[in-house]
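Reading through the structure tokens given below for one structure.
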Amino acid sequence: MLTAFARAFKTPDLRKKLLFTLGIIVVYRVGTHIPIPGVNYKAVQTCVTEASGNQGLFGLVNMFSGGALLQITIFALGIMPYITASIILQLLTVVIPRLEALKKEGQSGTAKITQYTRYLTVALAILQGTGLVATARTGALFSGCTAAPSIVPDQSIFITITMVICMTAGTCVVMWLGELITDRGIGNGMSILMFISIAATFPSALWAIKKQGTLADGWIEFGTVILVGLVMVGLVVFVEQAQRRIPVQYAKRMIGRRSYGGTSTYIPLKVNQAGVIPVIFASSLLYIPALVAQFAGGDSGWKRWVTANLTKGDHPVYITLYFLLIVFFAFFYVAISFNPEEVADNMKKYGGFIPGIRAGRPTAEYLSYVLNRITWPGSLYLGLIALVPTMALAGFGASQNFPFGGTSILIIVGVGLETVKQIESQLQQRNYEGFLR
């Protein structure tokens, strides 16, 4: 693999792409440490130190921002508004006929949907930025920190608007950097930035586990977490690469004196067809009632129930709802992203058929049957992986930011595999052996 790295950097155009990607990553990481105007940086650092391992409701968003959210920097919102906008547009494509028609138009329609995603990203960034500034002003961003009320010393309208504008502009810059990587670098830009944001939190999370450990000055807990992480990565790689290949045969056709078709191929149905989307959906949905309860006034019964059951990751009610929501969203997302009837119609149009299955409706029913069968283990796998941080917390007192589990490990492995495949394909185009033998 090291030889493949050397060969990649020896190829001029590939070296240029790799260095460009690394340069954008450096710019992104520098931006995550530049505080926005109007913030008392010393108070923020004090509260971040006190809140280490106890980020509460903001843990997920802070992970996607590479720790920039709790630092209240210009890239505090990170890539999260773009992810949310992309998911919303993807769901609306199924519901709104206009968006569905745009999707079928090819490249021009995709460009239009991408433009809509950018507009929605800006709107969500304004909304989330306003919510973050309001939370920081009240001191609720770091509950229990004595310095929290002094994070935003000047609470005038001008300073508040300036802070929101800076965060929104930071989100736009992050979106632009991601698109630059996609156009001129290696891999999908947004995925690479997400990968870097999550990976950036690993060293501090691992060191926090070591400091909190009691066995052999914390080294036994540290080694155990590393070992669990390696096992988790191996399991995730195994399941993410697993797929059910449905054979497809294309009939031979004679057009004039030429013969067309007669080839054999397959439809790859992944065990985890939905990817990490169900985990993000479930986390976001459980995040909403807890956030509403935090800002709601008074002391009503529903607020007490939500605070008691949905704000602690190790509560049985939270664990059960989280697991069930992941399973539900796995089936939901697969249903809207893979249309068996459309696949069956396309196969029939081009003379393709599954051996032993009639073309048309029987093919669609067979595909739907197979998809439902493999989605069950995929959804259960997602639910179990997502609960690893909770089990680690209950098992040996690891911090809530347990790095090897849930959304983080799924994204890191998925993006890593995809990027390696892209580098490997570019190496093979130049008659090299590739990245992995």
Rounded to the nearest 0.5 Å, what separation is found between the [atom1] atom of [X] and the [atom2] atom of [Y]?
{"X": "T84", "Y": "I79", "atom1": "OG1", "atom2": "CD1", "value": "10.5 Å"}
{"X": "T117", "Y": "L124", "atom1": "OG1", "atom2": "CG", "value": "10.5 Å"}
{"X": "L177", "Y": "T21", "atom1": "CG", "atom2": "OG1", "value": "11.5 Å"}
{"X": "S379", "Y": "L384", "atom1": "OG", "atom2": "CG", "value": "9.5 Å"}
{"X": "I113", "Y": "T93", "atom1": "CD1", "atom2": "OG1", "value": "4.5 Å"}

(message) Does the plane of the ring in F329 sit parallel, tilted or perpendicular to the ring in F332? Use 30° and 60° as the thresholds.
(response) perpendicular
Does some side-chain heavy atom of [Y] sit less than 4.5 Å from a side-chain heavy atom of [X]?
{"X": "I246", "Y": "L269", "value": "yes"}
{"X": "L18", "Y": "I423", "value": "yes"}
{"X": "Y381", "Y": "V271", "value": "no"}
{"X": "I385", "Y": "V279", "value": "no"}
{"X": "I34", "Y": "F75", "value": "no"}
{"X": "C172", "Y": "V122", "value": "yes"}
{"X": "V173", "Y": "Y28", "value": "no"}
{"X": "M194", "Y": "V415", "value": "no"}

Nearest heavy atoms of [X] and [Y], plus distance in Å:
{"X": "Q422", "Y": "N188", "result": "NE2-N, 4.3 Å"}
{"X": "M175", "Y": "R118", "result": "SD-CG, 3.9 Å"}
{"X": "V248", "Y": "I354", "result": "CG2-CG1, 4.5 Å"}
{"X": "T121", "Y": "A85", "result": "OG1-CB, 3.4 Å"}
{"X": "P377", "Y": "R373", "result": "CD-O, 3.0 Å"}

(message) Please determine whether a side-chain nitrogen of the Lys or Arg among K104 and E342 lies less than 4.0 Å from a carboxylate oxygen of the Asp or Glu.
(response) no
(message) Using the rule given for side-chain hydrogen bond (donor to acceptor under 3.5 Å, both in side chains), can you reason through Q115 versus Y119, listing the C-alpha separation, both sets of side-chain angles and the distance that settles it, and then say yes or no?
(response) CA-CA 7 Å; Q115 195 68 18; Y119 295 148; 3.1 Å; yes
(request) Answer yes or no: are there more than 12 heavy-atom neighbours, outside E341 itself, under 6.0 Å from its atom CD? (result) no
(request) Take atom CZ of R361 as the centre, draw a 6.0 Å sphere, and report whether it contains more than 12 heavy atoms from other residues, nucleotides or ligands. (result) no
(message) Please identify which of these residues, L132, T162, T130, meets the side chain to side chain contact (heavy atoms under 4.5 Å, CB included) condition with M167.
(response) L132
(request) Please lay out, stage by stage, how F20 and I186 fare under the test side chain to side chain contact (heavy atoms under 4.5 Å, CB included). (result) CA-CA 9 Å; F20 181 82; I186 291 289; over 6 Å; no
